[in-house]
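To keep things clear, I will list the structure first and then write my remarks on it.
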Amino acid sequence: MSSPVAAPYVPQEIEPKWQSFWVAERTYEVDNDDPRLLAGRGYYVLCMYPYPSGAAHMGHVRNYTFGDLLTRYRTMQGDAVLSPMGFDSFGLPAENAAIKTGVHPREFTDARIAELTNSLTRIGCVYDWRREVRSHNPEYIRWTQWIFLRMWEAGLAYRATAPVNWCPGCQTVLANEQVIDGRCERSDDFVEKRDLEQWFFKITDYAQQLLDDLELVDWPERVVIQQRNWIGRSEGAEFDMVICDASGAQRADGLSMRVFTTRPDTSFGMTFCVLAPDHELVEVITADEHRGEVAAFVEATRQMREIDRLSTEGPIDKRGCRTGAYALNPFTGQAVPIFLADYVLSTYGTGAIMAVPGQDQRDWDFARAYDLPIIRTVEPPSEWTGEAYTGEGPAINSEWLNGLDVAAAKAAAIDWLEAQGIGERTVNYRLRDWLLSRQRFWGCPIPILYCPDCGLRAVPDDELPVLAPDDVEFRPTGESPLRLHEGFLHATCPDCGGPATRETDTMDTFVDSSWYYLRFADPASDAPFRANEVAKWLPVDQYIGGAEHAVLHLMYARFFTKALSDLGYVPTDLREPFRRLFTQGLIRLGGTRMSKSKGNLVAPEDIVNTYGADTLRLAHLATKPPAEDVDWEDFGLEGCARFLARLWRLAVPDNDLRGGDRSGPTTDADAVVESGRHRLIAEVTKDFERWSYNTAVAKFMAEVNDLYRYVQTADGPHGATLDAAIDSVLVLLAPACPHLTAELWARRHDGEHVHELTWPAADPAMLVADHVEIPVQVDGKVKARLSVPADADAAAIEATALADERIVELLGGREPARVIVVPGRLVNVVRS
RNA sequence: GCCCGGGUGGCGGAAUGGCAGACGCGGCGGACUCAAAAUCCGCUGUCCGAAAGGACGUGUGGGUUCGACUCCCACCCCGGGCACCA
């Protein structure tokens with residue numbers, strides 16, 4: 001007699017079948033009038049939309065595995081789950097490829113999108129593809145431009161000059177990435193800083209809200225802190241200082257300069273002032289005998305490469321320059337010299353500072369280099385051996401501030417400045433306005449016209465989108481081909497009908513990604529989105545992406561949401577776009593980050609072809625907590641493949657593990673299996689909720705190990721008990737390994753679909769055993785074990801423990817000093 | 001320099017005040033096989049011991065507690081982020 005030959009597990013055969021099924025059956029499409037959504041059971045899962053660079057890499061697989069698991073899990077929980085996908089399809093690589101190969105960026109990009117879409121499907125990820133967006137599609141461009149114009153009308157977009165990287169050889173602006181060690185990556189010329197007209201978004205208007213509203217989101221602490229630091233709020237005071245000569249004599253024009261400080265309490269210790277080299281007063285105040293020196297210093301700073309300017313190394317005496325002018329310290333009436341220094345930035349505060357070397361290490365170093373006096377105004381602790389002291393302490397050498405602590409002295413100093421009418425309390429932010437214009441082709445054109453008579457004019461809404469022409473020549477200059485395209489450049493002024501020229505700059509791709517999550521909620525309308533439809537889904541319930549976007553993308557998207565909310569295009573109470581954020585760890589190989597440029601990629605497709613998508617997905621879940629970085633070398637691929645094959649052999653109909661099933665009444669051993677099944681339901685659910693996928697996988701493996709032992713017991717398994725256990729494993733595993741579970745469920749249940757089932761609930765009664773085994777410690781070390789009724793009280797447990805043979809022996813007839821009983825947990829007998 | 005993570009067997013990790021090392025990898029042994037692979041079963045922190053058992057053990061040093069990987073203080077090391085922001 002031969003045992004039946006069960007079908008072997010061949011993922012390559014079953015996976016494509018189910019992938020087609022989910023698309024054909026529209027399993028994961030969801031409408032905005034879905035009854036579950038209208039009943040308050042909507043759930044918006046969003047993975048950061050990818051830049052389409054070709055087939056998926058391991059980082060994508062990790063990201064989208066988490067997203068897909070959540071989509072399928074929440075759906076089984078009964079939610080209407082919005083799970084959209086799109087492509088951040090503008091950007092430099094496509095343009096560089098065009099320059100290199102002549103292939104149009106659109107053609108190149110669409111081909112990469114097809115590859116990426118294909119790999120997403122191949123790893124079993126499901127989306128509502130009807131809602132797909134691509135940044136470079138004309139409809140999307142249209143609405144990006146529309147939003148830009150609304151921002152412009154609201155005064156939130158403006159033009160201003162800003163320093164940019166200029167290559168004199170190529171006669172063009174370079175992106176920061178194209179500047180290598182201060183030289184142009186193409187021509188090798190030294191790159192200069194040039195002031196050019198650029199477009200900005202006024203994100204600084206929202207600095208305080210962007211800071212405050214971090215309270216409203218459930219994000220990783222680390223990301224919140226990074227956002228906070230980036231906004232960089234600092235409180236202090238600004239005040240005016242009268243310019244004078246060395247003797248303290250005021251100038252005829254009565255000129256003064258304004259400084260910003262966070263430490264007005266230390267003003268009595270001010271022994272010099274510093275201006276940024278590009279401060280507007282430099283030219284005016286410089287004394288004649290210092291003009292040559294100052295001009296040379298200003299020019300040198302201008303030419304200095306960013307990397308040097310930001311370096312704290314190098315001799316400090318080369319980093320400053322005397323102006324020969326002085327300023328009156330209003331607190332003391334003393335004249336202090338004014339210096340220039342490259343470390344003072346014109347873009348922060350007032351571009352001018354008072355220097356207090358006693359309380360600031362930079363000022364201390366500078367004072368030492370230029371032989372300037374140092375006066376301490378905060379008493380350091382007696383054991384203090386350092387230089388500048390920035391800590392707490394009573395004010396000294398400060399006349400009427402003496403004895404006050406730092407906070408009180410600050411307040412008193414500011415009150416005094418305000419009373420004198422020369423200054424006031426101020427708040428400064430490190431956050432700068434967002435420079436959004438790029439001198440690039442493959443981006444969203446900025447829909448603005450320049451009319452010689454009417455000035456800046458918006459392209460009328462009914463002429464949107466402004467699309468870049470296809471017949472452009474991609475030159476290896478780094479300059480946008482749009483500027484050289486006569487047909488694009490020349491247009492008609494909408495106001496006077498005269499000739500106008502088009503803006504040829506395009507938008508930063510972060511603009512596209514600042515509103516795509518809104519479009520997903522309402523993708524097909526004759527507006528970018530409608531507030532009432534947005535209100536149904538937003539804020540995103542769970543946003544998933546890489547930690548590298550912790551600052552820029554999230555900050556910009558938050559800004560857009562707030563601005564669009566204020567402008568009435570999204571609901572007024574939608575102040576934050578992403579309620580919960582999860583940032584996944586990086587994937588490394590042999591300790592270094594996987595990247596194309598390092599050539600150390602592991603292609604997911606190869607793994608899928610050999611092991612199957614379910615094994616790869618499971619390995620991503622099993623290896624480590626999802627937030628942590630993970631090395632490909634540590635992936636337990638073999639273990640996961642073995643586990644799935646083991647599960648298949650156990651669950652597939654007509655398998656040769658089964659045969660001697662019992663039926664009829666159940667035994668104690670069966671009850672253990674049944675309660676194990678309920679425990680698995682409870683624990684996996686809990687682990688899924690807290691994103692502890694690695695421990696969930698461990699519990700699946702332990703359960704299958706238990707069931708193997710159960711199948712092989714001498715009496716044989718109770719058939720119904722075993723099948724219930726196997727079914728529970730399949731249902732619980734369905735979000736993680738969708739293909740294998742779908743296939744096995746269909747085979748076991750007459751073509752039913754596991755993903756359409758309701759998520760199971762554990763029976764609480766099945767989770768409590770009637771007896772529990774608890775350890776008995778003596779002086780904190782486990783010496784015995786007791787089996788006691790689960791509901792036994794402390795006194796009963798103590799009595800049982802003290803009667804235990806081994807405990808009696810260890811006590812040697814003495815009374816224990818103390819007995820700690822934690823019912824259901826343990827007993828600790830303390831001897832001394 | 002500042003901020004944030006993290007240090008647990010041969011390896012990835014589990015345990016968030018209560019049995020340290022779940023689960024996986026690797027290793028060892030057994031079953032099946034002519035044999036091997038695959039598969040199935042078992043063992044596997046270190047040291048002492050034939051065993052029973054004992055001692056030690058979560059980066060280091062202290063502390064709190066009946067009890068600490070877990071909480072507190074100080075320090076060392078690794079990873080990441082920001083970095084002249086007045």
Side-chain angles (χ1 to χ4, degrees), chain A residues 220-226 228-230 232-234 236 259-263 266 273-274 276 309-314 316 319 341-345 347-356 359-363 365-366 428-432 547-548 550-551 585-586 588 591 593 618-619 622-625 627-631 633-640 642-643 645-646 649 656-657 683 692 694-705 708-709 711-712 773-785 816-822 824-832:
Chain A
E221 184 67 13
R222 183 174 34 88
V223 176
V224 170
I225 289 168
Q226 280 187 69
R228 227 178 252 144
N229 291 343
W230 192 260
R233 179 191 158 100
S234 61
V259 296
F260 171 72
T261 180
T262 54
R263 295 295 303 273
T266 65
C273 284
V274 188
R309 199 175 144 91
L310 294 178
S311 157
T312 44
E313 274 138 48
I316 190 130
R319 306 189 57 204
D342 60 11
Y343 67 78
V344 174
L345 310 172
T347 47
Y348 185 77
T350 61
I353 61 163
M354 69 172 199
V356 185
Q359 264 70 234
D360 183 291
Q361 189 60 41
R362 249 171 325 152
D363 294 348
D365 295 339
F366 198 86
N428 256 297
Y429 299 92
R430 222 184 65 120
L431 183 70
R432 300 292 148 75
E548 67 274 18
V551 179
L586 289 175
R588 306 173 198 280
R593 185 180 178 165
L618 191 68
T623 303
K624 248 188 160 181
E628 289 178 28
D629 291 353
V630 57
D631 202 298
E633 289 175 355
D634 297 328
F635 265 60
L637 212 54
E638 288 294 343
C640 291
R642 233 171 260 169
F643 163 73
R646 236 164 111 78
R649 283 192 298 273
D656 51 13
L657 287 172
E683 290 181 353
S692 184
N694 55 334
T695 55
V697 172
K699 283 156 195 167
F700 281 121
M701 290 174 169
E703 174 73 3
V704 169
N705 290 346
Y708 262 69
R709 278 179 223 114
V711 169
Q712 294 171 44
E773 188 181 76
I774 62 171
V776 183
Q777 300 179 330
V778 173
D779 295 337
K781 294 190 175 168
V782 179
K783 296 294 179 182
R785 285 166 198 290
R818 202 175 156 188
V819 180
I820 313 287
V821 180
V822 185
R825 303 291 312 193
L826 58 41
V827 179
N828 189 11
V829 179
V830 186
R831 285 189 292 194
S832 53

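Below, chains carry the letters A, B, ... as their sequence lines are ordered, and counting in each starts from 1.
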Problem set entry | Euclidean distance for C1', B/rU64 against B/rG17 (whole angstrom) | 12 Å
Problem set entry | Separation of atom CD in A/Glu221 from atom P in B/rG81, rounded to whole Å | 19 Å
Exercise. Taking the P atom of each, how far is B/rU8 from B/rA14, in whole Å?
Worked result: 12 Å
Seminar exercise, completed: Between A/Phe260 and A/Pro625, the residue closer to the 5' end of RNA chain B by nearest nucleotide is A/Pro625
Exercise. Think A/Thr623 has a side-chain N or O under 4.0 angstrom from the OP1 or OP2 of B/rG13?
Worked result: no
Problem set entry | Short side-chain N/O contact to B/rA86 OP1/OP2 from A/Asn428, under 4.0 Å | no
Exercise. Whole-Å distance between B/rG13 P and A/Met701 CE?
Worked result: 15 Å
For this session: When you get a sec, tell me which of B/rG13, B/rG18, B/rC40 is the closest nucleotide to the side chain of A/Leu826?
Result: B/rG18
Exercise. On RNA chain B, nearest-nucleotide positions of A/Ile225 versus A/Ile353: which is more 5'?
Worked result: A/Ile225
Problem set entry | Phosphate OP1/OP2 of B/rG67: any A/Arg818 side-chain N/O under 4.0 Å | no
Exercise. Which nucleotide, B/rC82, B/rG18, B/rG81, lies nearest any side-chain atom of A/Gln226?
Worked result: B/rG81
For this session: Check whether any side-chain nitrogen or oxygen of A/Arg642 sits under 4.0 Å from OP1 or OP2 of B/rG26, and answer yes or no.
Result: yes
Exercise. Now, which nucleotide makes the Watson-Crick or G-U wobble pair with B/rG57, with each of the two distances under 3.5 Å?
Worked result: none
For this session: Respond yes when some side-chain nitrogen or oxygen of A/Asn705 is under 4.0 Å from OP1 or OP2 of B/rC41, and no when none is.
Result: no
For this session: Sort out the partner of B/rG79 for me: Watson-Crick or G-U wobble, both distances under 3.5 Å, none otherwise.
Result: B/rC4
Exercise. Residues two or more places apart in sequence or in another chain: which of them pass salt bridge (Lys or Arg N to Asp or Glu O under 4.0 Å) with A/Arg430?
Worked result: none
Seminar exercise, completed: Regarding the side chain of A/Pro775, the nearest nucleotide among B/rG13, B/rC85, B/rC19 is B/rC19
For this session: For B/rC11, give its Watson-Crick or G-U wobble partner with both distances under 3.5 Å, or none.
Result: B/rG24
For this session: Write down the partner of B/rC69 under the Watson-Crick or G-U wobble criteria, each distance required to be under 3.5 Å.
Result: none
For this session: Could you give the distance separating B/rG67 and B/rC71 at their C1' atoms, to the nearest angstrom?
Result: 13 Å
For this session: For B/rA38, take OP1 and OP2 only and decide whether either is under 4.0 Å from a side-chain N or O of A/Arg646.
Result: no
Exercise. Would you say the base of B/rC4 and the side-chain of A/Arg228 have a donor-acceptor pair closer than 3.5 Å?
Worked result: no
For this session: Side chain of A/Thr695 only, please: which of B/rC85, B/rA86, B/rA15 is the nearest?
Result: B/rA15
Exercise. Choosing from B/rC82, B/rG54, B/rU39, which nucleotide comes nearest the side chain of A/Arg430?
Worked result: B/rC82
For this session: Determine the Euclidean distance between corresponding C1' atoms of B/rG21 and B/rC25; express it in Å to zero decimal places.
Result: 15 Å
Exercise. Where the side chain of A/Gln712 is concerned, which of B/rC41, B/rC85, B/rG18 is the nearest nucleotide?
Worked result: B/rC41
Exercise. Does B/rG53 have OP1 or OP2 sitting under 4.0 Å from an N or O in the side chain of A/Lys781?
Worked result: no
Exercise. How many Å lie between CD on A/Glu638 and C1' on B/rG12, as a whole number?
Worked result: 15 Å
